[in-house]
A.B. asks: 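I'd like to ask some things about the structure below.
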Amino acid sequence: MTKQLVSTSLGEGEPRIEVIDQPKDIVAGFDCACKTFGEQTQDAIWMAMNPEWNKTGPEGRQRAAARMVDQWRRITHDSRGNANTIYLKATVPYQGQRVVAGIAIWAQLSMVEGYGGRPSDDLRSDLDLDALYPGNEAEQRYLCQVYRSFLKRRVEVVQEKASSHPPSLMHLQLCVVDPAHQRKGIASKLVQWGLDEAQRRGGLEATTEASSMGRHVYARLGFNGEGEDIEYHVDTEFLSRDRPANLFMRTG
């Protein structure tokens, strides 16, 4: 039986952190990501993974948001009934109603069956690249190389945890706040929720790949950077492309 997840709120005027339970909130969260990663920081990797983000119509942002909804619908559970992936929303009051101001995705990961989702650095196992970039072998190859580099340390640490008890960790896959609502402590609340959930699940270590903008938030909450920024191993023809700085961080 699925265990109930805890939601947090401090009052009607405060950001409220809740587990997403309807697809419209996933779509609203994707809009937050478009404003932040697409318009504000122009994250080259995120935009390459979501090439429709700034296009209109059913083949544009709607299709990209639908992919996230599909991923949300396919959540699996561990042997105790805990969701292996948790989609969180942060809502704030606006014109008499609460609106989504940010989202986070936390995942319990493990190489041991029943203890979490198994991470893979093979992008083709998670995404239909032929549909994303039909007939564009170079772009598909580039995304696979970037993705493998980005997930390298994540996968290694999950493998190291296989002999621990429990053999799992909690990984922050995404944390994004609408630029209109940044600097209000929303990101910290989304991250803290996951850290608290990691403790509820047996004191799991938390990890993430932190952007330049987000790493100071994670550091304040107990994450420590590990080594240098992620090194992307790509073919020579792609070396001139912009790639955002990301640092692997962990609480252990």
Side-chain angles (χ1 to χ4, degrees), residues 20-39 41-78 83-89 100 103-111 113 116-156 158-159 171-176 208-209 211 230 232-235 237-238 241-244 246:
I20 292 177
D21 60 3
Q22 50 190 341
K24 71 175 185 177
D25 289 333
I26 298 290
V27 174
F30 185 78
D31 284 341
C32 291
C34 291
K35 294 173 184 176
T36 300
F37 297 138
E39 298 172 6
T41 67
Q42 298 182 355
D43 186 307
I45 295 178
W46 185 87
M47 290 190 293
M49 297 280 285
N50 298 276
E52 318 97 329
W53 75 272
N54 61 347
K55 298 180 176 65
T56 59
E59 298 303 311
R61 184 179 294 190
Q62 292 178 32
R63 185 170 73 172
R67 282 198 301 272
M68 183 179 279
V69 171
D70 183 60
Q71 292 168 350
W72 168 73
R73 292 188 189 280
R74 292 188 284 112
I75 290 174
T76 60
H77 296 79
D78 69 10
N84 286 328
T85 310
I86 307 158
Y87 288 73
L88 298 176
K89 65 179 178 180
V100 175
I103 64 166
I105 304 175
W106 281 93
Q108 180 175 308
L109 302 178
S110 179
M111 293 296 183
E113 185 71 27
R118 187 182 183 93
S120 170
D121 61 5
D122 180 8
L123 182 58
R124 292 187 184 277
S125 67
D126 296 327
L127 196 61
D128 185 352
L129 293 180
D130 291 324
L132 199 63
Y133 288 101
N136 192 335
E137 183 275 336
E139 198 64 32
Q140 293 180 25
R141 176 161 43 91
Y142 173 68
L143 283 182
C144 286
Q145 292 171 359
V146 167
Y147 190 77
R148 184 172 294 110
S149 299
F150 187 78
L151 265 71
K152 181 178 184 293
R153 187 57 184 148
R154 184 194 309 185
V155 173
E156 289 175 347
V158 177
Q159 290 172 336
H171 187 79
L172 178 60
Q173 295 182 336
L174 174 73
C175 182
V176 62
T208 193
E209 290 90 15
S211 67
I230 292 172
Y232 295 97
H233 298 279
V234 299
D235 291 341
E237 64 190 284
F238 307 128
R241 294 194 183 190
D242 290 333
R243 285 173 289 277
N246 284 284

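Sequence positions, counted from 1, serve as the residue numbers for this chain. Source: prediction; values computed, not measured.
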A.B. asks: Does the side chain of Val155 come within less than 4.5 Å of Met111's, by heavy atoms?
C.D. replies: yes
A.B. asks: Measuring from atom CG of Leu109 to atom CD of Gln173, what distance do you get when rounded to the nearest 0.5 angstrom?
C.D. replies: 6.5 Å
A.B. asks: Compare every heavy atom of Gln140 with every heavy atom of Gly135, then report the nearest pair and how far apart it is.
C.D. replies: N-NE2, 4.3 Å
A.B. asks: Asp25: what forms a side chain to side chain contact (heavy atoms under 4.5 Å, CB included) with it, not counting sequence neighbours?
C.D. replies: Ile20, Gln22, Lys89, Val100
A.B. asks: Ignoring hydrogens and angles, tell me if any N or O in the side chain of Tyr133 forms a donor-acceptor pair with the backbone of Pro51 under 3.5 Å.
C.D. replies: no
A.B. asks: Run the numbers on Leu129 and Cys144 for side-chain contact (heavy atoms from CB on, under 4.5 Å), then give the verdict.
C.D. replies: CA-CA 9 Å; Leu129 293 180; Cys144 286; 3.5 Å; yes
A.B. asks: Could I get the full list of side chain to side chain donor-acceptor pair (under 3.5 Å) partners for Arg74, not counting sequence neighbours?
C.D. replies: Asp70
A.B. asks: How close do Asn50 and Ala64 get, counting heavy atoms only, and between which atoms?
C.D. replies: OD1-CB, 4.4 Å
A.B. asks: Do Cys175 and Thr208 have side-chain heavy atoms sitting under 4.5 Å apart?
C.D. replies: no
A.B. asks: By salt bridge (Lys or Arg N to Asp or Glu O under 4.0 Å), which residues pair with Arg154, not counting sequence neighbours?
C.D. replies: Glu209
A.B. asks: For Trp72 and Asp21, which heavy atoms make the closest approach, and how far apart are they?
C.D. replies: CZ2-C, 3.6 Å
A.B. asks: Write down the atom of Ala44, the atom of Asp242, and the distance for their closest heavy-atom approach.
C.D. replies: CB-O, 3.2 Å
A.B. asks: Side chain of Ser149, backbone of His233: donor and acceptor closer than 3.5 Å?
C.D. replies: yes
A.B. asks: Looking only at atom types and distance, does a side-chain atom of Thr41 sit under 3.5 Å from a main-chain N or O of Thr36, one as donor and one as acceptor?
C.D. replies: yes
A.B. asks: Please check if atom NZ in Lys55 has more than 12 non-hydrogen atoms from other residues, nucleotides or ligands closer than 6.0 Å.
C.D. replies: yes
A.B. asks: Is there a side-chain contact between Val234 and Arg243 (heavy atoms, below 4.5 Å)?
C.D. replies: yes
A.B. asks: Hey, what do you get for CZ (Arg148) to CG (Leu143), rounding to the nearest 0.5 Å?
C.D. replies: 11.5 Å
A.B. asks: Please tell me if the side chains of Tyr147 and Leu127 come closer than 4.5 Å, counting only heavy atoms from C-beta onward.
C.D. replies: no
A.B. asks: I'd like to check the ring pair (Phe, Tyr, Trp, His ring centres under 6.0 Å) partners of Phe150; sequence neighbours left out, ordered by chain and number.
C.D. replies: none
A.B. asks: Give the minimum heavy-atom separation between Pro23 and Arg73, together with the two atoms involved.
C.D. replies: CG-NH2, 3.7 Å
A.B. asks: Sequence neighbours left out, what passes salt bridge (Lys or Arg N to Asp or Glu O under 4.0 Å) with Arg67? Give chain and number order.
C.D. replies: Glu52
A.B. asks: Going by the rule side chain to side chain donor-acceptor pair (under 3.5 Å), which residues pair with Tyr232 if we only count those two or more places apart in sequence or in a different chain?
C.D. replies: Asn246
A.B. asks: Which residues pass the side chain to side chain contact (heavy atoms under 4.5 Å, CB included) test with Ser120, not counting sequence neighbours?
C.D. replies: Asp122, Ser125
A.B. asks: Under 4.5 Å between any side-chain heavy atoms of Ile45 and Pro244, yes or no?
C.D. replies: yes
A.B. asks: Quick one: closest heavy-atom pair of Pro119 and Ser110, and the distance?
C.D. replies: CD-O, 4.0 Å
A.B. asks: Glu237: which residues meet the side chain to side chain contact (heavy atoms under 4.5 Å, CB included) condition with it, sequence neighbours left out?
C.D. replies: Ala138, Arg141, Asp235
A.B. asks: Is Ile75 close to Asn84 at the side-chain level, that is, under 4.5 Å between some pair of heavy atoms?
C.D. replies: no
A.B. asks: First locate atom CD1 of Ile105, then atom NE2 of His171, and finally report the distance between them rounded to the nearest 0.5 Å.
C.D. replies: 10.5 Å
A.B. asks: May I have the step-by-step check of side-chain contact (heavy atoms from CB on, under 4.5 Å) for Phe37 and Leu174, ending in yes or no?
C.D. replies: CA-CA 11 Å; Phe37 297 138; Leu174 174 73; 3.4 Å; yes
A.B. asks: Provide the full list of salt bridge (Lys or Arg N to Asp or Glu O under 4.0 Å) pairs with a residue in residues 125-135, sequence neighbours left out, each pair given once.
C.D. replies: none
A.B. asks: Please identify each residue that fulfils side chain to side chain contact (heavy atoms under 4.5 Å, CB included) with Arg61, with sequence neighbours left out.
C.D. replies: Phe30, Asp31, Cys34, Glu39, Trp53
A.B. asks: Test of understanding: with salt bridge (Lys or Arg N to Asp or Glu O under 4.0 Å), list the residues that count as partners of Lys152, not counting sequence neighbours.
C.D. replies: Glu156
